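To start, the structure under review is shown below, and the notes come after it.
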Amino acid sequence: MTDCPPRLEKKLVTRLLAWYDQHARVMPWRAIRPQAPNPYHVLLSEAMLQQTQVATVIDYFNRFTEAFPTIDDLAVADEQQVLKLWEGLGYYRRARNLHACARQIVSEHDGVVPNTVEQLLKLPGIGRYTAGAIASIAYDVPAPILDGNVVRVLSRWFAITDSTDEKPVKEQLWALADRLVPDKRAGDFNQAMMDLGAMICTPKSPACLTCPMNKHCQAREQGIEETLPKRTPKNKPTKVTHHVVSIQRKDQFLFTQRPADGLWSNMWQMPTFETVSEKVLPDQIKEQLGLQVGKLKQCQSFKHQTTHRTITFTHWQASNVTGRLRKNAGLWRRLDQLGDLPLAKPQLKVVASLQ
DNA sequence: AACTCGGGGTA
DNA sequence: TACCCAGAGTT
């Protein structure tokens, strides 16, 4: 454990808060002091911000609060409506967790976002980071947080050279965050850590010259700030092919819903067949949809990157389609009437190419 | 501890 | 490209 006398820590906190008062980023879910934060807005933003950059989230946040001004509005909404508003943001499980979360808060907490880490942790999609973030930002509870920004800042301040992906190192970082978070202005402190990580203590070329903490940074002292945090290398994504088949009847196309688990769960798509040879596409279509296709003409092909896969999407257009669609196997829709079907990015791309 | 789950920004 | 981003849940 890195040695760190309490006196130094207080000085760090004070300096950082002073910097935050001058340089805090403006975000729609951040309350302008002395206004109190809206806990529902904090919950919403934190759900969206998991593994997602602030700039990407802002438009989604504004659309959500317009569609669902209160947590009760979100709770009574249809899950498909929530997913539709989340369309394009990725990690769609978050949307379903958020929705379940709102329902649970309404039914079990009288519609009030809980103010303790312990209670927050019981809600779906809320882990150690998000519980600490909501408790501290919405209610000023002195709870620590540890996200990508804080990992970077702390690993540099304390020159932690072991891989921050290892569990004992993670625990060390949580302990440091816990020791640093002040009793007063805990939310501001946590947000200051993240703002510092986003604006000054960046992954590459950190702005140490203008950093308010540069005299208290052990990594800078040793000239190793750019090498931290150290991470364990990740496996390369595997390459797969997905065949998307557009099946048209008059002015309508066939759409199917994906299963409730796995990639893009509960989202919609044009019939898509994964990791199969194109030769068996007609058989698959017959088997799963009950439709007989006469011809398949290949259209565009494009790549889509997810965390663990590089997916080549190949678009096929079916013609001379006969037979009757298997019951509950899908929906026929005009392409200008997809307002209630949530589609992931690659499917949106296929739809766009047909318009 | 290892694996899954998206999509975009950045150098 | 490669890495990173206000991580959580399952196995």
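Because the structure is predicted, anything quoted here is derived from the model rather than measured. By convention in this document, chain letters (A, B, ...) are assigned in the order of the sequence lines, proteins followed by strands, and residues within each chain are numbered from 1.
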Select from A:K167 and A:M267 the residue whose nearest nucleotide in DNA chain B is closer to the 5' end of that strand.
A:K167
Residue met sooner reading DNA chain B from 5', once A:R309 and A:A55 are mapped to nucleotides
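Looking at the nearest nucleotide for each, A:R309 comes out on the 5' side.
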Pick base, sugar-phosphate or nothing for [X], based on heavy-atom distances below 4.0 Å to the nucleic acid.
{"X": "A:A198", "answer": "nothing"}
{"X": "A:G197", "answer": "nothing"}
{"X": "A:P346", "answer": "sugar-phosphate"}

On a whole-Å scale, what distance lies between the P atoms belonging to C:dA6 and B:dA11?
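Those two atoms are separated by 14 Å.
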Between A:L263 (CG) and B:dC3 (C1'), how many Å, whole number?
14 Å
In whole angstrom, what separates A:L98's CG from C:dA6's P?
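One finds 19 Å between P of C:dA6 and CG of A:L98, rounded.
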Return yes if the base of B:dG7 and the side-chain atoms of A:T52 contain a donor-acceptor N/O pair under 3.5 Å, otherwise no.
no
Can you find an N or O donor on one side and an acceptor on the other, under 3.5 Å apart, linking the side chain of A:T130 with the base of C:dG7?
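Under the 3.5 Å cut-off, the side chain and the base do not form any donor-acceptor pair.
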State which of C:dA6, C:dC4, B:dG7 makes the closest approach to the side chain of A:P203.
C:dC4
Distance-only polar pair, side chains of A:T310 and A:K239, donor-acceptor under 3.5 Å:
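Per modelled atom types, A:T310 and A:K239 side chains form no pair under 3.5 Å.
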